[in-house]
Number of protein chains: 2
Amino acid sequence: MRERKKQQTWLALHRAALDLACAHGVNEVTTEQIAAAAGVSARTFFNYFPTKEAALVGLRPDAISPMAAVLHAVPDGTSPLEALYVACSELLTDFIEDPELWRRRRELLTANAGLLRLASARNHNTEQQLAVIIAERLGCDENEDPYPSLVVGAAMAALRATIRFHGPHPETDPFDTLREAFDLLAAGLPAPDRFGE
Amino acid sequence: MRERKKQQTWLALHRAALDLACAHGVNEVTTEQIAAAAGVSARTFFNYFPTKEAALVGLRPDAISPMAAVLHAVPDGTSPLEALYVACSELLTDFIEDPELWRRRRELLTANAGLLRLASARNHNTEQQLAVIIAERLGCDENEDPYPSLVVGAAMAALRATIRFHGPHPETDPFDTLREAFDLLAAGLPAPDRFGE
DNA sequence: ACAAAAGTATGCAGTCACTGCAAGAATCTC
DNA sequence: GAGATTCTTGCAGTGACTGCATACTTTTGT
């Protein structure tokens, strides 16, 4: 019951931050305005987000990546690359569910250097989490064996490339693009002619 | 004459920031203290660095990645992956030349989340630069074609995995590890058994 | 149903990063 | 050495963020 109220105000703050930042620019909006737009006090804002940027990016305090959760659920026999494909698909599902939210997020990110920092830090964080899980699946240590970091990094690169490609090409199916990218990773990279529209 | 004085105070501020941060912790040192230790006024500090973190990292305003410069110099016929291998090797050369410096940097980075942000932002930045160059070499647009982002992201993943692996294994040759990782990228990823010591 | 307990929201006061402005000091040009 | 240029500095202000104390709301035990 309490949980639901918290989720509600969390989302309200996040959306308010996004709205105001899109309308007037990131540096032109204050935490007080965000709090007021969400219907809470200025002090409460900082009970939900440690920083203004965090509210804009939508960073949750616990910050367990949904991709990590999905990756955990993939059956054991699956190959690392295929398992990561499933995890990436999960994020893509989120992506096509509310493209407007993502479009605004991306708009803000490209316009503001500080936010870009935060976002890439978050990517780095989930990458670490995924590497740990992949290492577990393979029964090795992610510090002892470079393979988990490598395959996760490559998979995330595929995901980033897909999302980036989907921006100027909204008519394409992002799952197809992602599949193509993963096929390329599986087959070997130096064949650029097989790729693109 | 003026140039030399500027370089001098720049370095003085950077060293003072580093010293104080190492001694008392990043959040326990103020910009005023840094400025005082460097022998300039508090206001002057912000004439040299836009932010406290920038002074700690020693970020110069222009910040063109050395990897991008190396990548530019690689002859045209080389495949994207091979060209990126050369660029990554360049950074590895830096790495084995002064491992102590890198160790300290890494120490500060892992201890402080804010600095980690800045560092990963810089990584993201060079990744973008490299993607642009690769796109130029292939004669395509890095926004229209996902391949450049993909191959650059995979290459950077290989580099990160290599550096990460070299931490607990200083006796190994990082160039060998990097070569193995790139071979894996070229041949296709889902063969983890070929990898490791 | 009521009171205690636990969790949450808010206001207040303060620190510090960071900025624009305008005046003073150093450096360069002629 | 006078004047233009550039750098430094102090001042005053905004806004992010924190700790603390207080009031409110939801949950729990009886």
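Below, chain A is the first sequence line, B the second, and so on; all start at residue 1. This is a predicted model, so every value here is computed, not measured. Scope of the values below: all heavy atoms of this structure, side chains included, with no hydrogens, waters or symmetry mates.
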Peer 1: With B/A36, which residues qualify under side chain to side chain contact (heavy atoms under 4.5 Å, CB included), at least two apart?
Peer 2: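 None.
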Peer 1: Is any side-chain heavy atom of B/V29 less than 4.5 Å from a side-chain heavy atom of B/I34?
Peer 2: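 SC-SC contact between B/V29 and B/I34 confirmed.
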Peer 1: Among residues 27-45 of chain B, which ones have heavy-atom contacts with DNA chain C below 4.0 Å?
Peer 2: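 Under 4.0 Å from DNA chain C: B/V29, B/T30, B/T31, B/R43.
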Peer 1: Measuring from atom CG of A/N47 to atom NZ of A/K6, what distance do you get when rounded to the nearest 0.5 angstrom?
Peer 2: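 Answer for the CG-NZ pair, A/N47 versus A/K6, is 8.5 Å.
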Peer 1: Starting at CG of B/N47 and ending at P of C/dT19, how long is that distance when rounded to a whole Å?
Peer 2: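 Going from B/N47 (CG) to C/dT19 (P), I get 10 Å.
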Peer 1: Which residues, if any, of residues 12-26 of chain B bring a heavy atom under 4.0 Å of DNA chain D?
Peer 2: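 DNA chain D contact set from residues 12-26 of chain B: none.
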Peer 1: Any pair with a residue in residues 68-83 of chain B that passes salt bridge (Lys or Arg N to Asp or Glu O under 4.0 Å), sequence neighbours left out, goes on the list, sorted by first then second residue, please.
Peer 2: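 Output for this query lists B/E82-B/R179.
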Peer 1: Could you give the start and end, 5' to 3', of the contact zone on DNA chain D for chain B, using atoms under 4.0 Å from its heavy atoms?
Peer 2: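 Footprint of chain B along DNA chain D, 5' to 3': D/dT5 to D/dC11.
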Peer 1: Rounded to the nearest 0.5 Å, how far does CG of A/L84 lie from CD1 of A/I133?
Peer 2: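 So the CD1 of A/I133 and the CG of A/L84 are separated by 9.0 Å.
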Peer 1: Please give, in whole Å, the distance from C/dT8 P to A/Q8 CD?
Peer 2: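 About 15 Å, once rounded to whole Å.
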Peer 1: Rounded to the nearest angstrom, tell me the gap between atom NZ in A/K6 and atom P in C/dA9.
Peer 2: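 Checked: the NZ to P distance equals 7 Å.
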Peer 1: Rounded to the nearest 0.5 Å, what separates atom OG1 in A/T9 from atom OH in A/Y48?
Peer 2: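 Interatomic distance, A/T9 OG1 to A/Y48 OH, rounded to 0.5 Å: 2.5 Å.
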Peer 1: Under the side-chain hydrogen bond (donor to acceptor under 3.5 Å, both in side chains) rule, what pairs show up with a residue in residues 151-160 of chain B, not counting sequence neighbours?
Peer 2: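 Listed once each, the pairs are A/E127-B/R160.
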Peer 1: Can you measure from CD (B/E180) to OH (A/Y147) and round to the nearest 0.5 angstrom?
Peer 2: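 B/E180 atom CD to A/Y147 atom OH measures 13.5 Å (nearest 0.5 Å).
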Peer 1: Taking only residues two or more places apart in sequence or in another chain, which ones pass side chain to side chain contact (heavy atoms under 4.5 Å, CB included) with B/A135?
Peer 2: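 For B/A135 the side chain to side chain contact (heavy atoms under 4.5 Å, CB included) partners, ignoring immediate neighbours, are B/C140, B/E142, B/P148.
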Peer 1: Quick one: salt bridge (Lys or Arg N to Asp or Glu O under 4.0 Å) pairs with a partner in residues 41-50 of chain B, sequence neighbours left out?
Peer 2: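 Sorted result for residues 41-50 of chain B: empty, none.
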Peer 1: Could you tell me whether the phosphate oxygens of C/dC18, OP1 or OP2, come under 4.0 Å of any side-chain nitrogen or oxygen in B/T51?
Peer 2: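 Affirmative; the distance criterion is met.
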Peer 1: Nearest whole angstrom, please: distance from the P of C/dC21 to the CZ of B/F46.
Peer 2: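 Rounded to whole Å, this separation is 17 Å.
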Peer 1: Which side-chain hydrogen bond (donor to acceptor under 3.5 Å, both in side chains) pairs, counting each pair once, include a residue from residues 26-36 of chain A, with sequence neighbours left out?
Peer 2: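 Matches after skipping sequence neighbours: none remain.
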Peer 1: Identify, with sequence neighbours excluded, every residue that meets ring pair (Phe, Tyr, Trp, His ring centres under 6.0 Å) alongside B/F95.
Peer 2: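 Checked B/F95 against ring pair (Phe, Tyr, Trp, His ring centres under 6.0 Å); matches are B/W102, B/H166.
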Peer 1: Just jot down the salt bridge (Lys or Arg N to Asp or Glu O under 4.0 Å) partners of B/D173, sequence neighbours excluded, or say none.
Peer 2: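 Partners of B/D173 under the salt bridge (Lys or Arg N to Asp or Glu O under 4.0 Å) test: none.
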Peer 1: Can you check each nucleotide of nucleotides 22-30 of chain C against protein heavy atoms at under 4.0 Å and return B for base, S for sugar-phosphate only, - for none, in 5' to 3' order?
Peer 2: ----BBS--
